[in-house]
K.L.:
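There's a structure below that I have some questions on.
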Number of protein chains: 2
Amino acid sequence: MEEHPADPRMMRLEAQLCFALHAASRALDGVYRRELRDLGLTYPQYLVMLVLWERQPLSVKELGAALRLDSGTLSPLLKRLEAAGLVARGRSTADERSVLVRPTADGAALRARAALVPERILAATGLQAGEIAQLRQVLGRVTATLDAGLPAAAPLG
Amino acid sequence: MEEHPADPRMMRLEAQLCFALHAASRALDGVYRRELRDLGLTYPQYLVMLVLWERQPLSVKELGAALRLDSGTLSPLLKRLEAAGLVARGRSTADERSVLVRPTADGAALRARAALVPERILAATGLQAGEIAQLRQVLGRVTATLDAGLPAAAPLG
DNA sequence: GACAATTTAGTTGTGCACAATGTAGTTTGC
DNA sequence: GCAAACTACATTGTGCACAACTAAATTGTC
């Protein structure tokens, strides 16, 4: 197990970290898929409902800002939620450009049925509370840094 | 610190962690998208090439095991890489069920052009070496636990 | 008031991901 | 030796994600 900081190791490090992130995201997606099947929701749809359960109504733009998604993803997703009878959409009277989204009665009722999901997911990760907080913090920082675009310079040497 | 089924703190914690993981994965994907555009590769295609540059030839099954992907994802992806002239596919003579994949000359040559990608990506994350190793370790453990399926540890009672 | 620039959603096209199913090659049971 | 079971891939269908573009409404400027 000699860890010698040689040149080609960087490729392995990058591949391992980025693959680990990608794979963890897909694995989590799979757990949500099984957990949300009974509710008729996908994970991204569940995220939308989570936001709408907390704050309502929201425009597509506000939802996009909260979930870091653009209209190309949200428009069809919201149409599917509307077709399922879980949300209602309507143009804002104040600004006809905006589409306001809010849960229907069925959509609001789904909140109770989804109440047990969080703890089941957290349990499935097998993480301790401290690890969860730390992981969330690091991932949030990485996302912010990646979104910020170009970093000044690589701190090599 | 009582854990109640519908504890709003737990819902927020789950939402924050899982969303952070999802968002970080997409943010990383975006950085790779910009970084790999010149090479004509997507991030999953880059992952495939990374594996093939190290070990060759590999069957679709072996690639799937390495990347945690099934044939429904890999088959069209490999067809695109083949259409781009970066890999060659052919049935194994030993077992006609297996399809062996290997880089073409162009695919092998791409390795040199991709040599600078890893350090650029690592720099873009803004993480220290220690953080990277720790993050990779935690994510790997989470993925393994999630894939294990059943609720690993039930700390109830 | 007219018109250019901006904002907000929606549409189209490409690609990833997975479930479910189909198909051909291989191995096993008898 | 042959049918059943298994294996490796491919295909189909659904949904997410984003880039690029379009359409409609609003705002700013004159």
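No experiment lies behind these values; they were computed from the predicted model shown. We name chains A, B, ... by the order of the sequence lines, and we start the count at 1 in each one.
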K.L.:
Grab the CG-P distance between B/L28 and D/dC18 for me, whole Å please.
P.N.:
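Going from B/L28 (CG) to D/dC18 (P), I get 12 Å.
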K.L.:
Answer yes or no: is there a donor N or O on one side and an acceptor on the other, between the side chain of A/R91 and the main chain of A/L100, under 3.5 Å?
P.N.:
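Such a contact is absent between A/R91 side chain and A/L100 backbone.
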K.L.:
How many Å lie between CZ on B/R26 and P on D/dA17, as a whole number?
P.N.:
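Taking CZ of B/R26 and P of D/dA17, I get 5 Å after rounding.
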K.L.:
Taking all atoms of both residues into account, what is the closest heavy-atom pair of B/A88 and B/T104, and its distance?
P.N.:
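Shortest heavy-atom separation between B/A88 and B/T104 comes out as N-CG2, 3.8 Å.
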K.L.:
For a quick test of reading the model, state the closest non-hydrogen atom pair linking A/L146 to B/R34 and the distance between them.
P.N.:
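Minimum heavy-atom contact is O-NH2, 4.2 Å.
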K.L.:
Do the ring planes of A/Y43 and B/H22 sit parallel (below 30°), tilted (30 to 60°) or perpendicular (above 60°)?
P.N.:
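Rings of A/Y43 and B/H22: perpendicular, over 60°.
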K.L.:
Report yes if at least one side-chain N or O of B/T42 is closer than 4.0 Å to OP1 or OP2 of C/dT14; otherwise report no.
P.N.:
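For C/dT14, OP1/OP2 do not have a side-chain N/O of B/T42 under 4.0 Å.
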K.L.:
For B/L36 and C/dG15, what is the distance between atoms CG and C1' respectively, to the nearest whole Å?
P.N.:
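Interatomic distance, CG of B/L36 to C1' of C/dG15: 14 Å.
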K.L.:
CD of B/Q45 versus P of C/dT14: gap in Å, rounded?
P.N.:
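Spelled out: CD on B/Q45 to P on C/dT14 is 14 Å.
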K.L.:
Looking only at heavy atoms, which two atoms of B/R26 and A/L67 are closest? And how far apart?
P.N.:
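It is NH2-O, 3.1 Å.
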K.L.:
Do you know which two heavy atoms are closest between A/V51 and A/A66, and how far apart they sit?
P.N.:
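Closest approach of A/V51 to A/A66: CG1-CB, 4.4 Å.
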K.L.:
Report the residue (A/R37 or A/R91) whose heavy-atom-nearest nucleotide on DNA chain C is the more 5′ of the two.
P.N.:
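Result: A/R91.
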K.L.:
Using a cut-off of 4.0 Å on non-hydrogen atoms, how would the nucleic acid contact of A/D95 be classed: base, sugar-phosphate, or nothing?
P.N.:
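Sugar-phosphate contact only.
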K.L.:
Using only side-chain N and O atoms of B/S98, determine if any of them is under 4.0 Å from OP1 or OP2 of C/dG25.
P.N.:
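For B/S98, the contact criterion (side-chain N or O under 4.0 Å from OP1 or OP2 of C/dG25) is not met.
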K.L.:
Output the rounded distance in Å from CG (B/L100) to P (D/dA8).
P.N.:
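Value for this atom pair: 13 Å.
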K.L.:
Answer yes or no: is there a donor N or O on one side and an acceptor on the other, between the side chain of A/T143 and the main chain of A/L139, under 3.5 Å?
P.N.:
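It does hold such a pair.
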K.L.:
Taking only heavy atoms on the protein side, list every residue of residues 67-79 of chain B lying under 4.0 Å from any atom of DNA chain C, sorted numerically.
P.N.:
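Here the set is B/R68, B/L69, B/D70, B/G72, B/T73, B/L77.
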K.L.:
Let me know the distance between CZ of A/R33 and P of C/dA17, rounded to the nearest Å.
P.N.:
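Value for this atom pair: 12 Å.
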K.L.:
Under 3.5 Å, is there an N or O donor on one side and an acceptor on the other linking the side chain of A/R97 and the base of C/dT7?
P.N.:
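Between C/dT7 and A/R97, which were checked side chain against base, a qualifying N/O pair under 3.5 Å is present.
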K.L.:
When the distance from CG of B/D147 to C1' of C/dA17 is rounded to whole Å, what number comes out?
P.N.:
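Checked: the CG to C1' distance equals 14 Å.
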K.L.:
Between C/dA17, D/dA10, C/dA9, which one does the side chain of B/R89 approach most closely?
P.N.:
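That would be D/dA10.
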K.L.:
When the distance from CD of B/E96 to P of C/dG25 is rounded to whole Å, what number comes out?
P.N.:
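These atoms are roughly 7 Å apart.
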